[in-house]
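Some notes on the structure that comes next.
Just so you know, these numbers use all the heavy atoms, side chains as well, and skip hydrogens, waters and symmetry mates.
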Number of protein chains: 2
Amino acid sequence: MRAAIFRNGEIIVDEMAEPTPGNGQVLVKTLACGICGSDLHARQHAHRMVEMARKTGRKPMDLTRDVVFGHEFCCEIVDYGPGTARKLKPGTRVCSLPALVTPQGIEGIGYSNDNVGGYAAAMLLSEPLLLEVPNGLAPEHAALTEPLAVGVHAVAKANISGGEVPLVIGCGPVGLAVIAALRIRGLHPIVAADYSPARRALAARLGANIVVDPKVSQPYATWAEHAQMSEAEKAARPPLQAMLPALKPAIIFECVGVPGLLQQVYEGAPRDARIVVVGVCMESDKSEPMLGIMKELNVQYVLGYTPDEFAASLRLIAEGQVDAAAMVTAQIGIDGVAKAFADLANPEAHTKIIVQPWR
Amino acid sequence: MRAAIFRNGEIIVDEMAEPTPGNGQVLVKTLACGICGSDLHARQHAHRMVEMARKTGRKPMDLTRDVVFGHEFCCEIVDYGPGTARKLKPGTRVCSLPALVTPQGIEGIGYSNDNVGGYAAAMLLSEPLLLEVPNGLAPEHAALTEPLAVGVHAVAKANISGGEVPLVIGCGPVGLAVIAALRIRGLHPIVAADYSPARRALAARLGANIVVDPKVSQPYATWAEHAQMSEAEKAARPPLQAMLPALKPAIIFECVGVPGLLQQVYEGAPRDARIVVVGVCMESDKSEPMLGIMKELNVQYVLGYTPDEFAASLRLIAEGQVDAAAMVTAQIGIDGVAKAFADLANPEAHTKIIVQPWR
C-alpha cells in the first residue's frame, strides 16, 4: 500500500506492506486524516520528542526506522482479526482515539514505528475503541473529532465554575477547538486573539464574541474591558480585595506553543488568572517565576483527552454543534502531504488540511 | 529611635525619627521580629524586586531612600492616633499582617520607604488589623504567625481533597510551615526532603513522617514508595488508566526558590501532580514545558495569605498545635541584624532568627 512516510527527517511517499490485524484488531481503509501541528513539530523536533518520551517513561520513536504520522482519522472497516465480536459490518465508517491494544499493552498510533498512522491507505484499529460515525457525517468532518477533543479536554481541565471570562491566545486548530468547546460550555463573552485575519474570522465563526488583532490592541486590555465585575459582584468582595481591579476571574488558554509565549502570558495575565497550556512547546522555555508568584497564577498543562471526551466530540460534530466544515481548508492525496506540511506555515492560507489516501 | 536600615544595599544601624500615628493608626513597640528569607533575597536582588513590583502594579521601593525591613512581628501597644476606638489597652501585645491603612490606601510594611518594618524600636500598625496575642504566648513565638500563615495559605491553595500524598522539597522556614499546616490538615504520610540534617530533624519534629536526604535517596522515588494505591483504589480505576503506575495523587510543595528547581520538580513529578510553588525565586528560570505537558502537571504559584489565614495561624501557635519554639534558633538585638543575614546562609546553624529591637 502507499503511504506518506517520515524517513530520515523528511516526508516521502513509498510503498509499504499492508498491516495484518492481530487479536482484537480491525483492518480499516483510511478515508480522511487531518494534519496536526504536532506532526509538523515532530518532523522538525523529532529528537526532542524522542528525548521527552524517554523522560516521561513512554516508548520513543526509533528515528532510524520508518514512521507513518497521522492521528486524526476517520476510516472504513475492511476486515476483522481473530478474537473480535464483529458487531459493525465491513464498510461501516468509524473513528477511534489513536491508540492500539497490542499484546505488549496499549500503544500510540501516529508517532510509532510499529503502528501505521493515517497518512497511509490502510491501518489497524482496536475493536473495543471503535466509534461508529453517525449516519451521513462526512469522513473529513468526522476526522476533526480528535482536534476537537483536545479543546474539549482543555476546557474540562480548566475547572470552570461559570463566572469566568476566557481569553484564547492563538486561533490555530487548537485555539479554534478551545473556542468551540467554550461556546458549548456556555461561557460569555469569549475573547480570542490572533495576528491572522483569516484565523480571527474563523474564531468568530466558531464562537468567539470578541476577536483581537494584537497588532492593533493589547489582548489583555481588551479582555479587561469585557471582564468588568457587575456592581453586585463589586459590592460582594471582602474589604481587602476592594482595592484590587474589579475584574471577573480570568482563564487564559495558551494555544500557540512557542518559547517566550508563556512569559508573555505571565506578564499580561491579571492576578489569580488560571492559565491552561494547550499549545505544545517542544523547546526549552524561559520565564520569570516572580510574576507567577506575585499574581498567584495557576498553570495547568494539558495533553490529549479521555475516551469519553473523544466520543463526546464526535457527537458534537455529528449534531452540528461545531461548524467543522469551516476548519477544513484543503483535501489532498498522499502525494500532497510533504507540500501540505510546508503550506501549513501560512495561517492565511490554511487551517486544517485533510489527507485522503485513496485519492 | 534605633533601627537596622537597608541603605545603599547594606544593612546598617542608625537613629531615625519615631513615627507618629495617623488616623486609625497605632504606635507600637516592636517586641520581636523574625528575619525572613525574602529579606535576604531583597537585600541581594533589590533591583529585581523593584522591577517586579512595577510589572505587577505595586508600589516599588525607592532604593535611593532608607527602608526598614521586617514583616514578621509581635508588638506592644504604646499610643493611639486620632480616629481610633482604643479597645485594647496600652501594653497589650498584638500581631498584625504587615499592611498599613493610610490616606493613600493599604500599603505594605517591610519593603516600604514610608512604613517602618520590625527591625526598629517602634512602628505603626492599623487598629482594624490588630490581633491580640492570646495570654501568655511569648512574643518571639507570636512573631512566627506570619511565616506559619505562608504555609497555611500554600496548603489552602493546594485544593486538597484528602487522598493526596504530599512531598515537601526544602525544609527551611517556608517548608517547615507547610509541613506544620499539612499535619494540621490531616494528610498522611508527609514526605519531606532537605540536604541539611538539622532541617530534616526539624521537619520530623513539625510533622513530617518520612524525611529524605537527596544525597542518599531520590525524593520522588521515596515519595512513590509511600504513595502506592490500595488494592481497592487500584480496582476502581478506569481501564485505560490501569496501565499507569498505581500511585495516589501527588502534591509537591516547592519550598526552595532557586533557578532550576522547578525544572527538577517537573522531571521528578509523577503524572497529574499538583505543584505548589511557595519558594520565592527572584531570578529568571528555565524549564521544559513538554515535561509539564506530557505529565499534565498543574502549577500553582502562591504568595502571602488572607487575613483569616493569618488570624488562624496565630491561634494555632497559641493553642500549641505548632511547635513554634523548635523553629527559633537565635534571638538578637538590632546590632546583630547584619551578621544574622550572613549567618542564615548556613542551614545547619539557623532556622529562624528573631530580632528583639529593645535588647
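- Among all heavy-atom pairs drawn from Lys286(B) and Ser284(A), the shortest one is CE-CB, 4.2 Å.
- No more than 12 heavy atoms of other residues, nucleotides or ligands shown are found within 6.0 angstrom of NZ on Lys59(B).
- When the heavy atoms of residues 150-159 of chain B are compared with those of chain A, the residues falling under 4.5 Å are His153(B), Lys157(B), listed by number.
- Contact annotation for Arg48(A): only side-chain heavy atoms (C-beta onward) come within less than 4.5 Å of a heavy atom of chain B.
- Only the side chain of Arg58(B) comes within less than 4.5 Å of a heavy atom in chain A; its backbone stays farther off.
- Separation of atoms CE (Met49(A)) and CE (Met294(B)) is listed at 6.5 Å; rounding is to 0.5 Å.
- Here salt bridge (Lys or Arg N to Asp or Glu O under 4.0 Å) pairs that include residues 94-103 of chain A, with residues two or more places apart or in two chains, number zero.
- Taking CD from Glu288(B) and CG from Asp285(A), the interatomic distance works out to 10.5 Å, rounded to the nearest 0.5 Å.
- Interface remark: Glu51(B) contributes side-chain atoms only to the contact with chain A (heavy atom separation under 4.5 Å).
- Closest of all the heavy-atom pairs between Gln300(A) and Glu296(B) is NE2-O, 3.3 Å.
- In this structure the side chain of Asn298(B) never reaches within 4.5 angstrom of the side chain of Val299(A), judged on heavy atoms.
- Put simply, of Leu291(A), Val276(A), Val277(A), the one with the most heavy-atom pairs under 4.5 Å next to chain B is Leu291(A).
- To the nearest 0.5 angstrom, Tyr301(B) atom OH is 8.5 Å from Ile275(A) atom CD1.
- Of all the heavy atoms in Leu303(A) and Ile293(B), the pair that sits closest is CB-O, 3.3 Å.
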